[in-house]
Visitor: 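Right, I'll just put the structure down here and ask away after.
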Amino acid sequence: MSRSILSRTIGELSASHPAMADFFIGVSGQTPKPDGSVLSWLAGVGEDRLSQWGMDRDQALAHIEALAGQIDALRSSAPPEVRALTILGGINKQGQPEDLRLTLRPGELVSVVGPTGSGKSRLLGDIECLAQGDTPSGRRILVNDAPPAPGLRFSTHQKLVAQLSQTMNFVMDLSVGDFIAMHAECRMSGDVGSLVSQVIAQANKLAGEPFGRDAALTQLSGGQTRALMIADTALLSASPIVLIDEIENAGIDRKKSLELLLAREKIVLMSTHDPILALLGDRRLVIRSGAVVDIIETSEAERANLTALEQLDQTLMAVRHQLRSGLRIDSPVEEMLPWMR
Amino acid sequence: MRVITVAGPPSVGKTSVVDKTARLLKTRGRRVGVVKFDSLATSDDEIYARAGLPVAVGLAGNVCPDHFFVSNIDDCLTWGQGQALDMLVAESAGLCNRCSPHVQGVLAICVVDTLSGVHTPRKIGPMLKLADVVVVTKGDIVSQAEREVFAFNVRLANPRAAIVFFNGITGQGATELVHHMENAPSVEGLEGRRLRFPMPSAVCPYCVGETCIGRDHQRGNVRKMNLEGPGA
Ligand SMILES: Nc1ncnc2c1ncn2[C@@H]1O[C@H](COP(=O)(O)OP(=O)(O)OP(=O)(O)O)[C@@H](O)[C@H]1O
Ligand SMILES: Nc1nc2c(ncn2[C@@H]2O[C@H](COP(=O)(O)OP(=O)(O)O)[C@@H](O)[C@H]2O)c(=O)[nH]1
Ligand SMILES: [Mg+2]
Ligand SMILES: [Mg+2]
Ligand SMILES: [Zn+2]
Ligand SMILES: [Zn+2]
C-alpha cells in the first residue's frame, strides 16, 4: 500500500474521494499542486499547520495511507451475503434452557410477540450483536450455518443488521434531498441523483401526505419520517437483515412497507403487539419470560382473519381520516362493517 | 494491568459506556477500576461506585483537564496496582477539542454521539483522529441512515479505528467493546511513554491572568483572525 500512495500524485489521490482532497487542503490550508508527490507536499507543510491539524509528519503519512486503503475498501465492499440466519436457544429469565433452533432465509418475515417485558427487544438485540452466548439470554447466532468470524461480528464496515424503531427520529438539520444524497454517497456506487428520486418516490407511496426533496428532514410528520426511513433502509442500506422494534402507530401503509423490504431479499424480524402486523409474518415467535416458547406458522384460517382485521383497521382509518378532515363522526359505524349487520 | 483512556466531548455518554462495559467485564471475573478526570466537579464517581467499581477522581481546576491528566496518570497506575486491578479505565472530560489524553501503546477510545451532526467526526482533533476505537452512542434515537452516514464519516476521519455502536442506556454494544478492551496491551508503568500527540501550550497573555481586551495587551502566543480575505 505504501508504495502505491508514494507513487500516486496528489491530484490522483485527491480525485479518489473528496475526503482525501479535504485532508490535503485542511492540513496545508491551500489547494496543493496536483502533479506533486505526497512526500514533496508533506515536506512543504509547515510545523505550525501540522500542529494545528493535530498530527505529526509520520502520522499524516500513515493517515493518508490508511485513508487510501479505506477508500479502496469502501469502494469494493459488496454487501455481505446472508443465505441463512440461525438462532440457537439459550436460557430463559429463570435460567432454564430455551429449546430453539430456528433458521431464517432472505425474503422471510418473522414476527416476535409476547407480553411487555418478556424479552422481544432482547431477542432482536441478540441478533444485532450476533450473540455468541455472551448476552444475558445466552443465545447464539449463526450466519450461513457457522458462528460469524470476529471480523464479521465486530466490523462496522459490513454491518449485517439495520434497525428501525418507534424511538428513532431524523435529527440532521438538512433537506430530505441533501441528506439522502449524503447517504447514497456512502455506497460509493450508483447514480446518486436517481437513487435520491427513487427513495423519495417510494417513501411517498408509503405515507399519506407527499413531500419533496426540499422538505426539511426534521419537519417531516411522524408518518412521513417512518416512510422515509423504510424506503431509505430498503433502497440504500446494504444490510441484509432488518430488525423492526414496534412501528405500529406510525401512520404509514405497513403492509406495503414490509413488502418493500422483503422485495429487496432482506430477512426481516419484527417485534409487535399488533395482530395485523403479526399475521403478515410467515410465522411468529412467542416469547415468555425471556425465551421463545412457541413458533406459530400463520395458518390459512389466520390469513382469512387477516382480511377481516384489515377491513376493521381500514374502517378505523377512515374514521381517523374523517376526524383529521374536521368532519363529524355521526354516521352509523356499523354500516361500514358489513359483517356486523 | 491493562490501561484504557476514554475521551470524548461532554455528555456524549462516556460514563454510561464505561459503566455498562465494566459491569459486563465484572461478570467475567475482571477487576476494573476507573479514574475520572474533570475540571471543576463530577458526580460520575457515584455511578461507578454504584456499579461496585473502585474509583478515583481528579479535578483539574483551572488547568486544561487533559494537561492535568498527563501530570497524574502515572500515579493513577500506581493506585490501580495497589487496588489489584486487571483493568484501569481513565475517563477524561474532553473539554478541549484540541488536546487528547491518548498515550502510545495504551488502548485509546474516543466516544462521540450521533446527535452531534454528520460533520462532527471531521472537526474533532487527535482525540478522535488518533484513537484505536471510536464508540458511537445514541444510535437509538436517530435513523439507520444517520447512523450509516455518521459511521462513514468517522471512518474517513480515522481510517484505522474500529467503530463500535453503543447504546449507553441498554448497554447494547458492550460485548463488542469488551472484545477490544480484553485485547488492550498490558502496561506496567507509563514513565517515559509518549503522548500520541503533543498538547499545545497556548500560553497567551490571557492564560496568565491578563483580563484587559485590546491590541496593547496581546503579546506572546497570539493568533489573529483574518477578516479581510475573500468571502469575509
Ligand atoms: N433470557 C433472558 N435472560 C435474562 N434476561 C432477559 C432475557 N430475556 C430478556 N431479558 C431482560 O428482560 C428485560 C425486558 O426485556 P425486553 O426489553 O426485551 O422486553 P420486550 O418484550 O421488548 O418488552 P416491551 O414490549 O415492553 O418492549 C430486559 O432487561 C432484558 O435484557
Ligand atoms: N438515548 C440515549 N441516551 C444516552 C446514550 N448514552 C448516554 N445517554 C444519556 O446521555 C446523558 C449523558 O451521559 P453520560 O454517560 O453522563 O455522558 P458523559 O458526560 O460523556 O460521561 C445521560 O443522560 C445518559 O443517560 C445512548 O446511547 N442513548
Ligand atoms: Mg421492547
Ligand atoms: Mg461522564
Ligand atoms: Zn487543552
Ligand atoms: Zn491563553
Side-chain angles (χ1 to χ4, degrees), chain A residues 17-20 22-23 26 51-56 59 62-63 65-71 73-74 121 125 128-129 131-132 134-135 150 153-157 159 162-165 167-174 179-180 182-183 185-186 188 217 225 228-229 232-233 236-239 242, chain B residues 24 27-28 97-100 114-119 122 124-130 133-134 136 138-165 167 170-180 183 196-198 200 223:
Chain A
H17 193 271
M20 188 68 98
D22 284 354
F23 179 81
S51 147
Q52 259 184 62
W53 184 257
M55 280 184 191
D56 64 24
Q59 285 164 342
H63 181 93
E65 191 173 323
L67 187 55
Q70 189 67 262
I71 290 166
L74 285 166
S121 301
E128 196 269 342
C129 72
Q132 295 303 311
D134 45 13
T135 63
R153 188 172 180 208
F154 299 137
S155 135
T156 333
H157 216 113
K159 267 282 172 212
Q163 287 178 289
L164 276 168
S165 96
T167 62
M168 290 170 186
N169 264 300
F170 287 114
V171 297
M172 298 300 168
D173 194 8
L174 288 171
F179 176 70
I180 300 299
M182 206 179 249
H183 190 199
E185 276 160 13
C186 299
M188 311 230 333
L217 205 52
T225 297
L228 183 59
M229 283 185 188
D232 172 273
T233 301
L236 290 181
S237 174
S239 303
V242 180
Chain B
L24 183 58
T27 65
R28 300 190 183 182
N97 263 355
R98 176 55 186 76
C99 291
S100 123
T114 46
L115 297 177
S116 57
V118 279
H119 297 300
R122 258 209 323 228
I124 302 179
M127 181 164 83
L128 183 139
K129 292 195 185 95
L130 300 178
V133 179
V134 177
V136 181
K138 305 191 189 175
D140 55 317
I141 37 188
V142 307
S143 62
Q144 174 72 22
E146 284 159 315
R147 285 192 293 281
E148 290 182 10
V149 171
F150 199 86
F152 183 83
N153 287 341
V154 169
R155 220 172 288 146
L156 294 176
N158 182 343
R160 276 172 310 262
I163 303 174
V164 176
F165 280 101
N167 182 329
T170 63
Q172 192 160 334
T175 320
E176 196 170 335
L177 192 56
V178 161
H179 165 82
H180 293 291
N183 288 321
R196 295 195 181 191
F197 196 74
R223 299 172 58 90

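Keep in mind that the numbers below use all heavy atoms, side chains included, and drop hydrogens, waters and symmetry copies.
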Visitor: Between B:Val164 and B:Val133, what is the shortest heavy-atom contact and its length?
Guide: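 Answer, listing the atom of B:Val164 first, then B:Val133: CG2-CG1, 3.9 Å.
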Visitor: With a 4.5 Å cut-off on heavy-atom pairs, point out which of B:Arg196, B:Lys129, B:Glu148 contacts chain A the most.
Guide: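 Top option by heavy-atom pairs under 4.5 Å: B:Glu148.
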Visitor: Which region of A:Asp232, side chain (C-beta onward) or backbone (N, CA, C, O), has a non-hydrogen atom less than 4.5 Å from a non-hydrogen atom of chain B, or is it both or neither?
Guide: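 A:Asp232 touches chain B through side-chain heavy atoms alone.
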Visitor: For A:Met55, is it the side chain, the backbone, both or neither that has a heavy atom under 4.5 Å from a heavy atom of chain B?
Guide: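 Both backbone and side chain.
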Visitor: Can you tell me which portion of A:Ala131 sits under 4.5 Å from chain B's heavy atoms? Options are side chain, backbone, both or neither.
Guide: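 The answer is neither part of A:Ala131.
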Visitor: Which residues pass the salt bridge (Lys or Arg N to Asp or Glu O under 4.0 Å) test with A:Asp56, sequence neighbours left out?
Guide: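 Partners of A:Asp56 under the salt bridge (Lys or Arg N to Asp or Glu O under 4.0 Å) test: none.
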Visitor: Of the backbone (N, CA, C, O) and the side chain (C-beta and beyond), which part of A:Glu185 lies under 4.5 Å from a heavy atom of chain B, both, or neither?
Guide: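 For A:Glu185, backbone heavy atoms alone lie under 4.5 Å from chain B.
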Visitor: How far does CE of A:Met168 sit from CD1 of B:Ile141, to the nearest 0.5 angstrom?
Guide: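 Spacing of CE (A:Met168) from CD1 (B:Ile141) equals 10.0 Å.
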Visitor: When heavy-atom pairs shorter than 4.5 Å are enumerated against chain A, which of B:Thr170, B:Asn153, B:Thr175 gives the highest number?
Guide: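 Among B:Thr170, B:Asn153, B:Thr175, the one with the most close pairs to chain A is B:Thr175.
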Visitor: According to the interplanar angle, ranging from 0 to 90°, do the rings of A:Phe179 and A:Phe170 count as parallel (below 30°), tilted (30 to 60°) or perpendicular (above 60°)?
Guide: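 Perpendicular.
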Visitor: Pick one of side chain, backbone, both or neither for A:Thr167, based on which atoms fall under 4.5 Å of a heavy atom in chain B.
Guide: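 Both backbone and side chain.
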Visitor: For the CZ atom of B:Phe150 and the CG atom of B:Leu115, what is their distance to the nearest 0.5 Å?
Guide: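 Result: 9.0 Å between the selected atoms.
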Visitor: Can you tell me which portion of B:Glu146 sits under 4.5 Å from chain A's heavy atoms? Options are side chain, backbone, both or neither.
Guide: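 Contact with chain A involves both backbone and side-chain atoms of B:Glu146.
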Visitor: For A:Asp22, is it the side chain, the backbone, both, or neither that has a heavy atom closer than 4.5 Å to a heavy atom of chain B?
Guide: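 Only the side chain of A:Asp22 comes within 4.5 Å of chain B.
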Visitor: Within this structure, what is the CD-OG distance for the pair A:Glu128 and A:Ser121, rounded to the nearest 0.5 Å?
Guide: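 With rounding to 0.5 Å, CD (A:Glu128) is 12.0 Å from OG (A:Ser121).
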Visitor: Report which part of B:Thr27 has an atom under 4.5 Å of a heavy atom belonging to chain A: side chain, backbone, both, or neither.
Guide: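 For B:Thr27, there is no contact with chain A at all, as no heavy atom is under 4.5 Å.
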Visitor: Just by distance, do the side chain of B:Gln144 and the backbone of A:Ala162 share a donor-acceptor pair under 3.5 Å?
Guide: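 Such a contact is absent between B:Gln144 side chain and A:Ala162 backbone.
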Visitor: Between B:Arg122, B:Arg28, B:His180, B:His179, who has the most heavy-atom pairs with chain A when the cutoff is under 4.5 Å?
Guide: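 The answer is B:His179.
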Visitor: Which atoms of B:Ala174 are under 4.5 Å from chain A, going by heavy atoms: the side chain, the backbone, both sets, or neither?
Guide: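 Neither part.
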Visitor: If you round to the nearest 0.5 Å, how far is NE2 of A:His183 from OG1 of A:Thr233?
Guide: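 Interatomic distance, A:Thr233 OG1 to A:His183 NE2, rounded to 0.5 Å: 7.5 Å.
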